[in-house]
Amino acid sequence: MRFILIRHGETEWNKTGQYQGQADIPLSERGRAQVAALGKRFENISVDAVYASPLSRAYDTARAIAEPKGLPIQCMDGFKELNFGEWDGLTKEQLTEQFGDPFVRYRTEPFHYPMPGEKSLSRARLRVGSALEDIKEIYRHTGKTVVVAAHGGILKLAIFHLLDMGSRLYRCIELDNTSLTVIDVEEDRCILRVLNDSHHLDGLRWEKQPDPS
């Protein structure tokens with residue numbers, strides 16, 4: 001089977017560099033344009049199932065793929081964004097000023113220092129991994145293609161789970177808004193085919209925005 005992992009389109013909080021976490025922030029005007037471009041890209045890509053985080057920015061991104069193909073969107077709480085608790089709505093600069101060392105340590109080594117809300121990336125990785133294993137149980141050995149529309153931090157954890165990667169690389173990967181990452185699940189291994197591909201946005205006159213997490 002094949003996973004196509006897609007980060008949601010841009011939100012206003014992405015643009016301003018605010019941590020979103022599980023706050024349900026909708027797509028911005030630019031985000032909606034990105035999602036429209038993503039939908040056009042998928043016109044000639046075969047998809048068998050679409051899963052999404054229940055947060056609207058991910059769900060609305062998934063709709064651009066699912067609706068033209070007549071596919072239902074299956075929401076899974078396991079794909080919700082990281083819960084940052086009281087950090088939500090604040091920028092890196094504000095968090096450094098207000099929380100000091102606890103935030104700086106988390107930013108430097110996120111798997112070794114806690115965050116409010118979710119408490120640890122290791123705990124989040126378990127819930128993401130559980131959701132992926134549930135999907136694999138359904139589609140393993142079928143040759144089907146499954147889309148998962150979710151969030152930057154969550155999709156990095158999904159990549160690490162599927163490829164059995166170590167946590168030290170977490171800060172070395174960024175996923176752009178509406179980017180595609182493709183991973184094939186084979187008998188004895190998972191293979192990374194594509195990472196962070198967003199060339200469908202090349203015609204848009206806007207810069208890409210990094211994920212502050």
### Query
Okay, side chain of R2, backbone of I183: is any donor-acceptor separation there less than 3.5 Å?
no
### Query
Looking at side-chain heavy atoms only, is the closest gap between F3 and V182 below 4.5 Å?
no
### Task
Answer yes or no: is there a donor N or O on one side and an acceptor on the other, between the side chain of T96 and the main chain of K92, under 3.5 Å?
yes
### Message
Once rounded to the nearest 0.5 Å, what's the spacing between atom CG of D176 and atom OG1 of T181?
### Response
9.5 Å
### Main-chain N/O of T145 paired to D48 side chain as donor or acceptor, under 3.5 Å
yes
### Query
Would you say the side chain of N14 lies within less than 4.5 Å of the side chain of R7, judging by non-hydrogen atoms?
yes
### Ion pair K15/E12, N-O distance below 4.0 Å
yes
#### Entry: Sidechain-backbone polar pair: S130 side chain, R127 backbone, donor-acceptor under 3.5 Å
no
### Query
Is any side-chain heavy atom of L38 less than 4.5 Å from a side-chain heavy atom of L180?
yes
### Task
Drop me the distance from R105's CZ to Y113's OH, to the nearest 0.5 angstrom.
6.0 Å
### Query
Same cluster for L169 and I154 if Ile/Leu/Val/Met/Phe/Trp/Tyr side chains link at under 4.5 Å?
yes
### Task
Output, in order, the C-alpha distance, side-chain angles, deciding distance and verdict of salt bridge (Lys or Arg N to Asp or Glu O under 4.0 Å) for K40 and E43.
CA-CA 5 Å; K40 289 182 180 178; E43 286 177 355; over 6 Å; no
### Query
Less than 4.5 Å apart, any side-chain heavy atom of Q22 and any of E118?
yes
### Message
Does any part of the side chain of L132, heavy atoms only, come nearer than 4.5 Å to the side chain of L162, both counted from C-beta?
### Response
yes
### Task
Answer yes or no: is there a side-chain heavy-atom contact under 4.5 Å between W87 and M115?
yes
### Query
Do L121 and P110 come close enough that some side-chain heavy atom pair is under 4.5 Å?
yes
### Query
Considering residues, nucleotides and ligands other than E97, do more than 12 of their heavy atoms fall under 6.0 Å from its CD?
no
### Message
Determine whether a donor-acceptor pair (N or O, by modelled atom type, separation under 3.5 Å) exists between the side chain of K119 and the backbone of A124.
### Response
no
### Query
Are the side chain of K156 and the backbone of I173 linked by a donor-acceptor contact shorter than 3.5 Å?
yes
### Query
Should V104 and L90 be counted in the same cluster of Ile, Leu, Val, Met, Phe, Trp and Tyr side chains packed under 4.5 Å apart?
no
### Task
Treating Ile, Leu, Val, Met, Phe, Trp and Tyr as nodes and any side-chain heavy-atom pair under 4.5 angstrom as an edge, say whether L163 and V128 lie in one connected cluster.
yes
### Query
When clusters are formed by joining ILVMFWY residues with side-chain heavy atoms under 4.5 Å apart, either directly or through shared neighbours, do I73 and V147 land in the same one?
yes
### Between CZ on residue R125 and OG on residue S120, distance to nearest 0.5 Å
11.5 Å
### Task
Search all heavy atoms of A64 against all heavy atoms of V35 and return the closest pair with its distance.
CB-CG1, 3.3 Å
### Task
Look up atom CG in D101 and atom CZ in F103, then write down how far apart they are to the nearest 0.5 Å.
12.0 Å
#### Entry: Main-chain N/O of S198 paired with S179 side-chain donor or acceptor, under 3.5 Å
no
### Task
Indicate whether any N or O donor in one side chain lies under 3.5 Å from an N or O acceptor in the other, for H200 and Q34.
no
### Exercise: do T91 and Q18 side chains pair donor with acceptor under 3.5 Å
no
### Task
Flag the pair Y170 / F111 as yes when their ring centroid distance falls below 6.0 Å, and as no otherwise.
yes
### Task
For the pair R32 and E29, find out whether any cationic side-chain nitrogen is under 4.0 Å from an anionic carboxylate oxygen.
no
#### Entry: Of E81, H151, H8, K80, the residue whose pairing with S53 passes side-chain hydrogen bond (donor to acceptor under 3.5 Å, both in side chains)
H151
#### Entry: Note, I6 side chain near V148 side chain (heavy atom, < 4.5 Å)
no
#### Entry: Within one Ile-Leu-Val-Met-Phe-Trp-Tyr cluster: I65 and L27, side-chain cutoff 4.5 Å
no
### Task
Please lay out, stage by stage, how E187 and H141 fare under the test side-chain contact (heavy atoms from CB on, under 4.5 Å).
CA-CA 8 Å; E187 281 281 341; H141 311 305; 3.3 Å; yes
### Task
Kindly compute the distance separating CG (L204) from CD (E10), expressed to the nearest 0.5 Å.
11.0 Å
### Message
Checking the side chain of D197 only, and the main-chain atoms of H199 only, is there a donor and an acceptor separated by less than 3.5 Å?
### Response
yes
### salt bridge (charged side-chain N to carboxylate O under 4.0 Å, His left out) partner of D184, the single match among K144, R140, R193, R189
R193
### Query
How far does CG of L5 sit from CG of L175, to the nearest 0.5 angstrom?
8.5 Å
### Task
Might you work through the side-chain contact (heavy atoms from CB on, under 4.5 Å) test for T11 and N177, ending with a clear yes or no?
CA-CA 9 Å; T11 70; N177 292 116; over 6 Å; no
### Query
Using the benzene-type ring in the case of Trp, are the ring centres of W13 and Y19 under 6.0 Å apart?
no
### Task
Carefully, step by step, assess L82 and L157 under the rule side-chain contact (heavy atoms from CB on, under 4.5 Å).
CA-CA 10 Å; L82 300 167; L157 295 177; 4.1 Å; yes
### Query
Got more than 12 heavy atoms from elsewhere within 6.0 Å of CD, E186?
yes
### Query
Is the backbone N or O of L201 less than 3.5 Å from a side-chain atom of R41, with the two atoms forming a donor-acceptor pair by type?
no
